[in-house]
Amino acid sequence: MKLEEGKNKNSGSERACATKQRCCIAVALCAVLWFLFIVQFSAKFTVPSITRDSRSFPTNYSSQNPHLLTPKPVQKQAGSNPFCEALNERLKGKSGGGNDTGMVTNSAGQKYSVTSGVYGRLGNQMFQYASLLGISQMNNRSPFFPRRGNGFQGVFRTTHVKDRSSKGFQVISEKTIRTYDPKFESLPQADVYLMQYLQSWKYFHCYRDLILREFTFLANVQNAAAAILNKYRKSGQKAITVGVHVRRGDLLMSKHVNQGYRPAPKSYLDRAADYMRKKYRDVIFIVASDDVNWCKKTLTAKDFYVMDRGSAGVDLAVLASCDHVIMTLGTFGWWAGYLSGGDVIYYNNSAVPKSHADVIMTPEDFFLPTWVGLGD
């Protein structure tokens, strides 16, 4: 009887042990299955990591052209321009030019300086500043632009504006306002004062990245321009924006009429607008002008929006932030086109043949070769 009881106790213990083992196995299997489920779920829904690869962004957006409010297509570097390639060849081995650091210092061992005058309004001054920087790069000089009288304060993040005297500097003058003068490629071994308007892309386009950095709009100017652009863009609209600069005011004065300047007529603006409409289809035109009333009465198409006249800096920032630009005449519209980085259309009948306005300009030196000229 006692033996039978012992057998019953042993069999009960074995059954309990077997049950415990089965439970452990079941728990382990559940744990494995749960682990596999979690792994599959995470692999399916994990957010991919984001790398800051500069190749993902256009080279003229943010870093190269940080003042722009909207991304622009990637452009060829200035070095691919035939003029720039030829310039680089001319500068090779030239004393004081390119990367050569020889013979550009004065008796105190300091780099010779180069500066320019401050003439005209914002667009003119931008040419003087940009050309000053380009010529300083060609000659390996230290540039500075006079603070007094310039219109950059409150507009750009320029870094070469300084309070410094140019007394005793050797003056070198250009021959013609809108014609490239190759003598600036090789400055004398002295501190030099450049005279005067220097209105040719050839002075600085080979150093385009530098120029775009210098003409970065201040944050408050960018914000004001963005607010204006958003005003004309409809909610969710993805239309191509074309900035239009219409200069009329002073061109209607007898002084400029006698010099042979011709304000762009409505027929030209219609042709330029049609060019953009055919090329890009969904387009809106944002107009800045010194004659707002004429523009509102004349440019009445539904896709045209005429801005009220604002500050020069904000108006320029709005135009430069557009995808493409239509200019009429003058340096303000020129710079809007250059900073935009897109297509630029210019009026190629802006001067009476053989007039003063005609003979002072060499078109291929003033307008970039990629820009499109249209007539009346």
Side-chain angles (χ1 to χ4, degrees), residues 58 60-61 65 67-76 123 201 205 212 225-226 228-248 251 262-292 294-310 314-350 363-364 366-376:
N60 63 344
Y61 180 59
N65 204 359
H67 66 270
L68 296 177
L69 304 177
T70 54
K72 298 296 190 299
V74 177
Q75 292 184 324
K76 291 182 179 180
W201 60 269
H205 185 63
L212 293 178
I228 292 171
L229 284 172
N230 290 334
K231 174 183 175 182
Y232 297 113
R233 282 196 181 110
K234 295 178 182 178
S235 178
Q237 188 180 42
K238 295 182 179 179
I240 297 295
T241 54
V242 177
V244 183
H245 181 248
V246 179
R247 179 181 175 185
R248 286 177 53 80
L251 296 179
R262 299 183 68 239
K266 180 179 183 297
S267 57
Y268 159 73
L269 294 168
D270 288 341
R271 286 191 67 190
D274 285 342
Y275 176 97
M276 292 294 186
R277 291 187 187 108
K278 289 177 182 177
K279 187 170 184 179
Y280 297 107
R281 296 187 181 181
D282 189 10
V283 177
I284 61 172
F285 301 91
I286 301 174
V287 183
S289 177
D290 58 359
D291 194 344
V292 171
W294 183 89
C295 290
K296 288 184 176 180
K297 292 177 183 178
T298 308
L299 306 176
T300 56
K302 292 182 179 180
D303 51 3
F304 267 81
Y305 301 92
V306 180
M307 297 189 294
D308 292 327
R309 192 170 183 181
V314 172
D315 282 358
L316 182 61
V318 171
L319 297 177
S321 300
C322 292
D323 298 298
H324 310 287
V325 167
I326 296 171
M327 60 174 287
T328 52
L329 177 64
T331 56
F332 190 88
W334 192 101
W335 278 105
Y338 191 81
L339 296 180
S340 77
D343 291 349
V344 179
I345 299 178
Y346 64 90
Y347 183 42
N348 65 7
N349 197 20
S350 61
E364 58 267 29
F366 185 66
F367 300 111
L368 268 77
T370 56
W371 293 5
V372 178
L374 296 178
D376 297 338

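Bear in mind the structure is a predicted one, so any value in this text is a computation, not a measurement.
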Using a strict 4.0 Å threshold on nitrogen-to-oxygen distance, state whether Lys297 and Asp291 make a salt bridge. no

Distance, nearest 0.5 Å, that separates CZ of Phe366 from CH2 of Trp334: 7.0 Å

Carboxylate-amine/guanidinium proximity below 4.0 Å for Asp274 and Arg277: yes

How far apart are the closest heavy atoms of Ser321 and Leu229, and which atoms are they? CB-CD1, 3.7 Å

Partner residues of Tyr347 under the side chain to side chain donor-acceptor pair (under 3.5 Å) criterion, sequence neighbours left out: Arg262, Asp376

Would the distance check show the side chain of Trp294 and the main-chain N or O of Leu299 forming a donor-acceptor pair, the cut-off being under 3.5 Å? no

Kindly determine whether Ile286 and Leu319 satisfy side-chain contact (heavy atoms from CB on, under 4.5 Å), including the steps that lead there. CA-CA 8 Å; Ile286 301 174; Leu319 297 177; 5.5 Å; no

Can you tell me how far apart OH (Tyr305) and CD1 (Ile284) are? Round to the nearest 0.5 Å. 6.0 Å

Can you list the residues that meet the side chain to side chain donor-acceptor pair (under 3.5 Å) rule with Thr331, with sequence neighbours excluded? Asn124

Can you confirm whether the side chains of Tyr275 and Asp343 place a donor and an acceptor under 3.5 Å from each other? no

If I take atom CZ from residue Arg247 and atom OG1 from residue Thr328, how far apart are they, to the nearest 0.5 angstrom? 8.0 Å

Given side chains that start at C-beta, do those of Trp201 and Pro369 come closer than 4.5 Å, heavy atoms only? yes

Show, in sequence, the C-alpha distance, side-chain angles and deciding distance for Val325 and His245, and conclude whether the side-chain contact (heavy atoms from CB on, under 4.5 Å) test is met. CA-CA 8 Å; Val325 167; His245 181 248; 5.8 Å; no

Go through Thr241 and Arg233 one step at a time and tell me if the side-chain contact (heavy atoms from CB on, under 4.5 Å) criterion holds. CA-CA 9 Å; Thr241 54; Arg233 282 196 181 110; 3.6 Å; yes

If you take all heavy atoms of Gly337 and Ser340, which pair is closest and at what distance? O-OG, 2.8 Å

Separation of Lys296 NZ from Met307 CE (nearest 0.5 Å): 11.0 Å

CG-CG distance between Asp303 and Asp282, expressed to the nearest 0.5 angstrom: 9.5 Å

Testing the basics here: between Leu339 and Ala320, what is the closest heavy-atom pair and its distance to 0.1 Å? CB-CB, 3.7 Å

Rounded to the nearest 0.5 Å, how far does CZ of Phe332 lie from CG of Asp290? 10.0 Å

Can you list the residues that meet the side chain to side chain contact (heavy atoms under 4.5 Å, CB included) rule with Val244, with sequence neighbours excluded? Val242, Val246, Leu269, Phe285, Val287, Phe304, Ile326

How are the rings of His324 and Tyr280 set to each other: parallel, tilted or perpendicular (split at 30° and 60°)? parallel

Report the relative orientation of the aromatic rings in Phe367 and Trp371; use parallel for angles under 30°, tilted for 30 to 60°, perpendicular for over 60°. tilted

